[in-house]
Amino acid sequence: SQKIEQNSEALNIQEGKTATLTCNYTNYSPAYLQWYRQDPGRGPVFLLLIRENEKEKRKERLKVTFDTTLKQSLFHITASQPADSATYLCALQNRDDKIIFGKGTRLHILP
Amino acid sequence: NAGVTQTPKFQVLKTGQSMTLQCAQDMNHNSMYWYRQDPGMGLRLIYYSASEGTTDKGEVPNGYNVSRLNKREFSLRLESAAPSQTSVYFCASSDGGAVTNYGYTFGSGTRLTVV
C-alpha cells in the first residue's frame, strides 16, 4: 500500500540554524509533491509544490528538493525563527489531483 | 477574501444524532474535499468532488454522505453519529487538474465530539 513517512518525533532546532525535514514514500509515483504548514487549532496552509521533473524549488527562506529515485523530499528552512515553529506536512499528488498526506513533523525553533 | 469557510467550528453530538457540516469557498475552485484529522493518523480523505455535480469516495467514506450543492458549497452529513467519528474535520478546495501551483486551500476546521 502507499505509504508516506515523516519523522514522528519533534525536531528541535536552534534559532538561526537551518531546519531540515524529511519525507519518504513507498509504492507511489507522484506527479507532484507539496509541503504544508499547520499551526495548532488551524487548517494546513500550502507552502510549496515541486513537480516530478524538478530537483529543487525555493521560496524566500524555504527550499524543497525532490529525488524520485530515492523517493524522498527534503524541506529546508534557513535562518530559522521561533515563528517557524509548527507542524509541517508532506503531501503527494497524482495527476488526478487527489492528495495523500503524511502525518507531519513538529518543528520547534528554540530562541 | 474569506477563502474556505466551515461551520460550525465546534459541535458535540450524542451517539445516533445526525448533523451536516457546511463548507463554502469563494475562490471559484472546481474541486472540493472533506478530510478528517485524528492524532497519530494524519489527514484522511473522506469524500471529494472534482467538479460541480460529481462526488467520489475517498479513503474513509463509511458513515458519511456528501452533497455538492453548487460550485461554492460542499456539505458533509453524518446520518447516525458514532464515537469513532469524533475528530477534526477539514474542508479544502483547489483549482483541480495537474497545473495548479497553489495546492489546496483549507478551512479552519470543525471540531466534532460524539458522546
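Quick caveat: nothing in here was measured; it's all calculated off a predicted structure.
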In terms of heavy-atom proximity below 4.5 Å to chain B, should A/Gln6 be classed as side chain, backbone, both, or neither?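 It is neither, since no heavy atom gets under 4.5 Å.
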Side chain, backbone, both or neither: which part of A/Ile100 has an atom under 4.5 Å from a heavy atom of chain B?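 Neither; nothing under 4.5 Å.
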Which residue out of B/Gly109, B/Ser108, B/Gly107 racks up the most heavy-atom pairs below 4.5 Å with chain A?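 The candidate making the most pairs under 4.5 Å is B/Ser108.
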Side chain to side chain, B/Phe106 and B/Tyr35, heavy atoms closer than 4.5 Å: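 When only atoms from C-beta onward are counted, B/Tyr35 and B/Phe106 do touch, with a gap below 4.5 Å.
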Below 4.5 Å, heavy atoms only, C-beta onward: do B/Ile46 and B/Tyr33 meet side chain to side chain?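 No, their side chains stay 4.5 Å or more apart.
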Under 4.5 Å from a heavy atom of chain A, the part of [X] involved:
{"X": "B/Glu59", "result": "neither"}
{"X": "B/Leu45", "result": "side chain"}
{"X": "B/Arg111", "result": "side chain"}

Considering only NZ, NE, NH1 and NH2 on the basic side and carboxylate oxygens on the acidic side, decide whether B/Arg44 and B/Asp38 come within less than 4.0 Å.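 Answer for the salt bridge query: yes.
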In the hydrophobic clustering that connects Ile, Leu, Val, Met, Phe, Trp and Tyr at side-chain heavy-atom distances below 4.5 Å, which members other than A/Val45 occupy its cluster, ordered by chain and number?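 A/Val45 clusters with nothing; isolated.
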Test: side-chain hydrogen bond (donor to acceptor under 3.5 Å, both in side chains). Region: residues 102-111 of chain A. Which pairs qualify, not counting sequence neighbours?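 For residues 102-111 of chain A, and leaving out neighbouring residues, there are no side-chain hydrogen bond (donor to acceptor under 3.5 Å, both in side chains) pairs at all.
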